[in-house]
Amino acid sequence: MNMRRIDVVIIGGGQAGLAMSRSLSAEGIGHVVLERGRVGERWHSERWRSLHLLTTNAMSALPGLPHGGDPDSFMPASAFASYLSLYARKIAAPVISGVEVTRVEPNACGYRVSTAAGDWQSRAVVIATGACETPFRPASASLLDSSIEQISPANYREPAQLSSGGVLIVGASSTGVQLAEEIHASGRAVTLSVGEHTRVPRRYRGRDIYAWMEASGMLDEPPLENGNIEYARRQPSLQVVGRPDNRDIHLGILRDQGVRLVGRFAGIDGRKAAFDGDLDKTTAASHKRMVRCLDRIDAHIASHDLQTAASDPATRVPFLAQGEATMLDLRREGIRSVVWATGYIRRYPWLKAPVLDQRGEIVHRGGVTAMPGLFVLGLTFLRRRRSSFIDGCALDARDLAPLVKMHLDLSAREVA
Ligand SMILES: Cc1cc2nc3c(=O)[nH]c(=O)nc-3n(C[C@H](O)[C@H](O)[C@H](O)COP(=O)(O)OP(=O)(O)OC[C@H]3O[C@@H](n4cnc5c(N)ncnc54)[C@H](O)[C@@H]3O)c2cc1C
């Protein structure tokens with residue numbers, strides 16, 4: 001097969017790949033977007049049925065194509081998948097779907113990008129394969145008794161797909177709390193193992209919490225200002241759900257509904273699962289983080305003399321943990337499924353460039369790796385707190401495109 005030549009290959013046709021495509025086009029840079037599935041594949045095949053976006057419509061658009069309708073409501077995940085397809089057409093993104101990149105290797109002319117549909121020679125590569133790439137499972141998951149089913153959120157669609165019986169959900173950030181509520185409402189007994197998490201109200205002083213975080217500058221904070229960048233990048237998502245009634249979702253609500261809460265998952269051996277008795281500590285830390293966030297919003301409101309609704313005192317009432325179990329015999333408890341809502345890691349087995357750390361994560365500074373011409377986009381806190389959000393990756397793409405251009409100009413000069 002002929003080797004095709006192009007200035008830039010973008011790997012991944014999700015929001016980040018498309019945002020990059022638009023920004024490269026604006027710079028007049030020739031490129032192709034290689035996507036192994038369909039445009040926005042993960043929104044088609046790796047999200048559960050009832051999921052609505054967690055960010056409002058106002059914050060869930062890419063440049064040049066706003067959503068019609070209520071800017072303050074939340075669209076279903078499936079509608080966002082359709083939005084991305086429309087966006088790709090609108091910006092005439094040169095996407096080639098159904099082409100998986102199997103190898104990226106540096107060479108004298110840049111990078112050789114291999115796929116089953118032939119190879120590409122490019123001068124630069126932008127990796128946009130997603131922050132939520134491989135669902136993470138604790139090592140001891142492999143010790144779970146085989147009679148108990150285990151599943152990751154990327155494979156979960158709806159409660160009916162789970163074996164009949166009780167469900168243990170490990171992880172209580174946005175995914176864990178939403179699945180706990182949905183699975184419990186379907187009539188199953190749910191135990192939720194709670195590790196580090198951050199509670200926030202859906203709406204505060206008359207506006208969506210993310211709108212306030214944006215207005216007060218929190219979402220645009222660059223990673224380096226916060227000191228411990230690795231810690232910042234590992235922060236779990238906020239406990240929120242996107243529903244028309246703007247309701248909150250937090251541990252107090254789930255406990256009142258009948259969800260049993262236990263502490264951080266500590267390990268499994270066969271049918272026995274152990275949990276740290278730390279619910280009081282993790283919920284106190286979560287409360288502190290929420291108060292810090294709300295205080296910053298209050299300070300922003302005061303300093304800009306904004307007229308808003310008063311804050312609801314109930315929002316700041318701390319959750320009080322009650323003596324929770326630290327060891328459960330899952331079979332005796334009737335638990336037949338475990339859902340690992342324990343976040344994501346990223347894997348790049350196809351990347352043959354020395355840019356991965358010991359954990360297999362790409363080492364970069366604001367999306368620029370140590371390999372000339374190799375860039376990454378869409379990772380958590382890449383250049384700002386909202387880097388992995390829909391509108392955040394577009395801002396990062398806008399910042400990175402001139403750096404891609406600079407690399408192309410410099411490498412052209414070297415060749416001349
Ligand atoms: C449950 C859930 C809900 C979320 N809700 C929101 C929200 O409401 N608002 C918000 O702003 N963010 C949200 N996010 C975070 C983020 O916006 C999404 O994870 C989003 O999908 C990231 O887009 P992306 O383009 O960076 O990556 P992805 O959507 O993961 O796209 C990467 C693409 O790369 C392709 N790919 C991967 N490997 C290869 C390869 N080797 N060759 C070719 N193609 C490849 C994949 O098929 C995929 O289409 C949510 C995340 C999750 C998990």
Side-chain angles (χ1 to χ4, degrees), residues 9-21 32-62 73-77 79-81 83-85 87-88 95-104 113-117 120 125-136 152-156 171 173-179 208 210 213-214 219 236-238 240-243 341-344 346-351 367 376-380 382 385-397:
V9 169
I10 300 173
I11 307 172
Q15 69 206 24
L18 295 180
M20 196 65 197
S21 173
V32 66
V33 182
L34 302 181
E35 164 56 52
R36 68 180 168 191
R38 296 160 281 183
V39 162
E41 182 59 44
R42 289 198 214 280
W43 295 100
H44 287 285
S45 56
E46 296 187 20
R47 306 285 190 251
W48 60 96
R49 290 222 164 84
S50 65
L51 176 69
H52 283 59
L53 290 193
L54 307 173
T55 44
T56 57
N57 289 341
M59 289 184 67
S60 304
L62 291 172
S73 66
F74 308 92
M75 79 180 82
F80 186 65
Y83 169 86
L84 286 180
S85 302
Y87 190 76
V95 180
I96 306 184
S97 300
V99 172
E100 178 164 5
V101 170
T102 51
R103 192 175 180 89
V104 171
V113 178
S114 306
T115 79
W120 298 79
V125 168
V126 180
I127 298 171
T129 49
C132 301
E133 206 266 334
T134 302
F136 170 76
S152 295
N155 304 115
Y156 169 83
S173 289
S174 61
T175 295
V177 292
Q178 288 181 74
L179 299 193
D208 187 78
Y210 282 126
M213 290 174 74
E214 179 178 43
L219 291 185
S237 54
L238 303 178
V240 285
V241 59
R243 292 290 168 198
T342 36
Y344 292 83
R346 288 133 297 277
R347 288 289 166 258
Y348 308 96
W350 39 265
L351 182 56
V376 60
L377 184 67
L379 299 184
T380 307
L382 187 98
R385 190 182 295 277
R386 62 166 127 181
S387 282
S388 56
F389 289 12
I390 294 157
D391 60 355
C393 75
L395 296 171
D396 286 354

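Numbering of ligands and ligand atoms starts at 1, following listing order.
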Determine all donor-acceptor pairs shorter than 3.5 Å in which one atom belongs to a side chain in residues 388-396; sequence neighbours excluded.
residue: D391; atom: OD2; partner: R386; partner atom: NH1; Å: 2.8
residue: D396; atom: OD1; partner: R384; partner atom: NH1; Å: 2.4
residue: D396; atom: OD2; partner: S387; partner atom: OG; Å: 2.6

Within this structure, what is the CG-OG distance for the pair L53 and S60, rounded to the nearest 0.5 Å? 4.5 Å
Can you produce the list of protein nitrogen or oxygen atoms under 3.5 Å from a nitrogen or oxygen of ligand 1, alongside each distance?
residue: ligand 1; atom: 8 (O); partner: L54; partner atom: N; Å: 2.5
residue: ligand 1; atom: 8 (O); partner: T55; partner atom: N; Å: 3.2
residue: ligand 1; atom: 8 (O); partner: T55; partner atom: OG1; Å: 3.4
residue: ligand 1; atom: 9 (N); partner: T55; partner atom: OG1; Å: 2.7
residue: ligand 1; atom: 11 (O); partner: I390; partner atom: N; Å: 2.7
residue: ligand 1; atom: 17 (O); partner: Q15; partner atom: NE2; Å: 3.0
residue: ligand 1; atom: 17 (O); partner: S388; partner atom: O; Å: 3.2
residue: ligand 1; atom: 19 (O); partner: R47; partner atom: NH2; Å: 3.4
residue: ligand 1; atom: 21 (O); partner: W43; partner atom: NE1; Å: 3.2
residue: ligand 1; atom: 21 (O); partner: R47; partner atom: NH2; Å: 2.9
residue: ligand 1; atom: 23 (O); partner: Q15; partner atom: NE2; Å: 3.3
residue: ligand 1; atom: 25 (O); partner: Q15; partner atom: N; Å: 2.9
residue: ligand 1; atom: 25 (O); partner: A16; partner atom: N; Å: 2.9
residue: ligand 1; atom: 30 (O); partner: R42; partner atom: NE; Å: 2.4
residue: ligand 1; atom: 41 (N); partner: V101; partner atom: O; Å: 3.1
residue: ligand 1; atom: 42 (N); partner: V101; partner atom: N; Å: 2.9
residue: ligand 1; atom: 44 (N); partner: R36; partner atom: N; Å: 3.1
residue: ligand 1; atom: 47 (O); partner: E35; partner atom: OE2; Å: 2.7
residue: ligand 1; atom: 47 (O); partner: R36; partner atom: NE; Å: 3.2
residue: ligand 1; atom: 49 (O); partner: E35; partner atom: OE1; Å: 2.7
residue: ligand 1; atom: 49 (O); partner: E35; partner atom: OE2; Å: 3.2

Assess, by modelled atom type and distance only, whether the side chains of D208 and T56 contain a donor and an acceptor separated by less than 3.5 Å. no
Please check if the side chain of E100 supplies one atom and the backbone of A116 the other of a donor-acceptor pair under 3.5 Å. no
Short question: side chain of T129, backbone of G12 - any donor-acceptor pair under 3.5 Å? no
Test side-chain contact (heavy atoms from CB on, under 4.5 Å), reference V32, set I11, I96, V99, V95, output is I96
